[in-house]
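Just so it is clear, the model here is predicted, and its values are computed rather than measured. Values below: all heavy atoms of this structure, side chains included; hydrogens, waters and symmetry mates excluded.
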Amino acid sequence: MRGSDQKILLMVMVVVAVVAAAQGQEETTGFVTWGNNYYQTWGHQALVINKTSELQLTLDKNSGSGFESQLIYGSGYFNVRIKAPQTTSTGVITSFYLISRSSRHDELCFQILGKNGPPYLLNTNMYLYGEGGKDQRFRLWFYVDDTPIRVYSKNPDVYYPSVQTMFLMGSVQNGSIIDPKQMPYIAKFQASKIEGCKTEFMGIDKCTDPKFWWNRKQLSSKEKTLYLNARKTYLDYDYCSDRQRYPKVPQECGSYT
């Protein structure tokens, strides 16, 4: 998804979110109007409130729901403020992700997992050229603010998600067993900050330019400290360490900083 000059791919948790997408510009930034830039893809109709700054998705006994962006991105920096349903049902999954459309797709995914009380779990996953199962899961601490939790460095010997354009998507759905007494479940997506290079489906090349600041991004000393502390303290599961699931360490595990 990032341009060819980009060295690292960051997954960052953010507390305050701003959103957006300005039509008619390659670089989009500012506040978004959900109705103009996103649309329902399945399930219940999304509810837009607070003068278009908050989008609500519903999960009930009949269906979950999801949305995706109308815009396509070739590189960028994306934040979103998510409030998952308040529930003890472990089967409720609230997701935000970037995904390409191809038979061997790339995907970057955040999933807040329902849980019977704290600490709540955030699962991150990647699909690289159609191959998933690259989960790293964290116990959520509160007031997470611009803290890097997953860094995937570019390595010439390993596939890197920089060749396919992506859409933004969000959803709330039933992952397993949910309590019907707690329905409906409401997930809220507010003020995504999108600083992205919008493009066409096959137009990723123009988004690799180092003029876009995110294509030059490296962790600062403070961010490195936050990153190492988050992984040391809150990492709950890492597929790279799971020898039962992967007897041989996956090749891309050497690309994590």
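In this structure, CG on Leu128 lies 10.5 Å from CD on Gln251, to the nearest 0.5 angstrom. To the nearest 0.5 Å, atoms CG (Leu219) and CG (Leu228) are separated by 9.0 Å. Atom NE2 in His44 sits 9.0 Å away from atom CD1 in Ile186 (nearest 0.5 Å). Note: Ile99 CD1 to Asp106 CG = 9.5 Å, rounded to the nearest 0.5 Å. From Leu98, atom CG reaches atom CG of Leu168 across 4.5 Å, with rounding to the nearest 0.5 Å. Atom CD of Gln56 is separated from atom OG1 of Thr58 by 7.0 Å, given to the nearest 0.5 angstrom.
In this structure, Asp60 contributes its side chain and Ser63 its backbone to a donor-acceptor pair below 3.5 Å. Put simply, the side chain of Gln164 gets close to the backbone of Arg104: a donor and an acceptor are under 3.5 Å apart. Although no hydrogens or angles enter the test, the distance criterion places no donor-acceptor pair under 3.5 Å between the side chain of Glu107 and the main chain of Met166. With hydrogens and angles disregarded, a donor-acceptor distance shorter than 3.5 Å links the side chain of Asn125 to the backbone of Lys134. Side chain of Thr225 to backbone of Ser221: a donor-acceptor contact under 3.5 angstrom is found. Under a 3.5 Å cut-off, the side chain of Thr208 and the backbone N or O of Asp205 do form a donor-acceptor pair. Using a distance-only test at 3.5 Å, with no hydrogens or angles considered, a donor-acceptor pair links the side chain of Thr124 to the main chain of Gln136. For Ser171 (side chain) and Ser65 (main-chain N/O), no donor-acceptor pair under 3.5 Å exists by modelled atom type. A side-chain donor-acceptor contact under 3.5 Å links Asn215 to the backbone of Cys207. Side chain of Ser69 to main chain of Leu71: a donor-acceptor pair is present (N/O by atom type, distance under 3.5 Å, no hydrogens or angles).
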### Test side-chain contact (heavy atoms from CB on, under 4.5 Å) applied to Phe110 and Ser95, step by step
CA-CA 6 Å; Phe110 291 89; Ser95 304; over 6 Å; no
### Task
Could you please spell out the steps behind the side-chain contact (heavy atoms from CB on, under 4.5 Å) verdict for Lys198 and Gln70?
CA-CA 10 Å; Lys198 72 168 186 168; Gln70 295 186 29; over 6 Å; no
### Task
Just do the ring-ring contact (aromatic ring centres under 6.0 Å, His included) check on Tyr77 and Phe212 with the steps written out, would you?
CA-CA 10 Å; Tyr77 178 84; Phe212 299 118; over 10 Å; no
### Task
List the steps, then state whether side-chain contact (heavy atoms from CB on, under 4.5 Å) holds for Val92 with Asn174.
CA-CA 5 Å; Val92 178; Asn174 176 10; over 6 Å; no
### Phe96/Ile82 under side-chain contact (heavy atoms from CB on, under 4.5 Å): CA gap, chis, key distance, verdict
CA-CA 8 Å; Phe96 179 75; Ile82 301 172; 3.7 Å; yes
### Message
Checking Arg137 against Asp238 for the salt bridge (charged side-chain N to carboxylate O under 4.0 Å, His left out) test, could you report, in this order, the C-alpha distance in whole Å, the side-chain angles of both residues, the deciding distance, and whether it holds?
### Response
CA-CA 7 Å; Arg137 187 168 56 241; Asp238 183 359; over 6 Å; no
### Query
Stepwise, does the salt bridge (charged side-chain N to carboxylate O under 4.0 Å, His left out) test hold for Glu68 with Arg101?
CA-CA 12 Å; Glu68 72 173 43; Arg101 284 209 179 114; 2.4 Å; yes
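Not a single ring-ring contact (aromatic ring centres under 6.0 Å, His included) links Phe201 to another residue, sequence neighbours left out. In this structure, the side-chain contact (heavy atoms from CB on, under 4.5 Å) partners of Gln182, at least two apart in sequence or on a different chain, are Thr87, Thr88, Ser89, Asp179, Tyr185. For His105, the ring-ring contact (aromatic ring centres under 6.0 Å, His included) partners two or more places apart in sequence, or in a different chain, are Tyr127. Qualifying ring-ring contact (aromatic ring centres under 6.0 Å, His included) partners for Tyr239, counting only residues two or more places apart in sequence or in other chains: Tyr246. Taking Ser103 as the reference, nothing meets the side-chain contact (heavy atoms from CB on, under 4.5 Å) condition, with sequence neighbours excluded.
Nearest heavy atoms, Trp213 versus Glu195: NE1-OE1, 3.3 Å. Here the closest heavy-atom approach between residue Arg243 and residue Pro250 is recorded as NH2-CD, 4.1 Å. Shown here for Thr94 and Ala187, the closest heavy-atom pair between the two residues is CG2-CB, 3.8 Å. For Ala230 against Ile149, the heavy-atom pair with the smallest separation is CB-CG2, 4.3 Å.
A side chain to side chain donor-acceptor pair (under 3.5 Å) with Tyr237 holds for exactly one of Asp135, Asp242, Asn123; it is Asp242.
Side-chain contact between Tyr97 and Leu108 is absent, with no heavy-atom pair separated by less than 4.5 Å. The closest side-chain heavy-atom distance from Phe67 to Trp42 is not below 4.5 Å. Residues Tyr256 and Ser153 have side chains not in contact (no heavy-atom distance under 4.5 Å, counting atoms from C-beta outward). With a 4.5 Å cut-off on side-chain heavy atoms, Val172 and Pro85 count as touching. Counting only heavy atoms from C-beta outward, the side chains of Pro148 and Arg150 never approach each other to under 4.5 Å.
Residues Ile204 and Ile72 fall into different hydrophobic clusters, defined by Ile, Leu, Val, Met, Phe, Trp and Tyr side chains chained together at heavy-atom separations under 4.5 Å. If you chain together hydrophobic residues whose side chains sit under 4.5 Å apart, Val163 and Val158 fall into the same group. When the side chains of ILVMFWY residues are joined at heavy-atom separations under 4.5 Å, either directly or via intervening members, Leu235 and Leu122 end up in a single hydrophobic cluster. In the hydrophobic clustering of ILVMFWY residues, with side-chain heavy atoms under 4.5 Å counting as a link, Phe189 and Leu140 come out together.
Grouping Ile, Leu, Val, Met, Phe, Trp and Tyr by side-chain contacts under 4.5 Å, direct or through others, puts Leu121 with Ile93, Leu113.
Less than 6.0 angstrom separates the ring centroid of Phe78 from the ring centroid of Tyr73. Checked against a 6.0 Å centroid threshold, the rings of Tyr129 and Tyr159 count as neighbours.
Between Tyr152 and Tyr160, the ring planes are parallel. Angles under 30° get that label, and only those over 60° would be called perpendicular.
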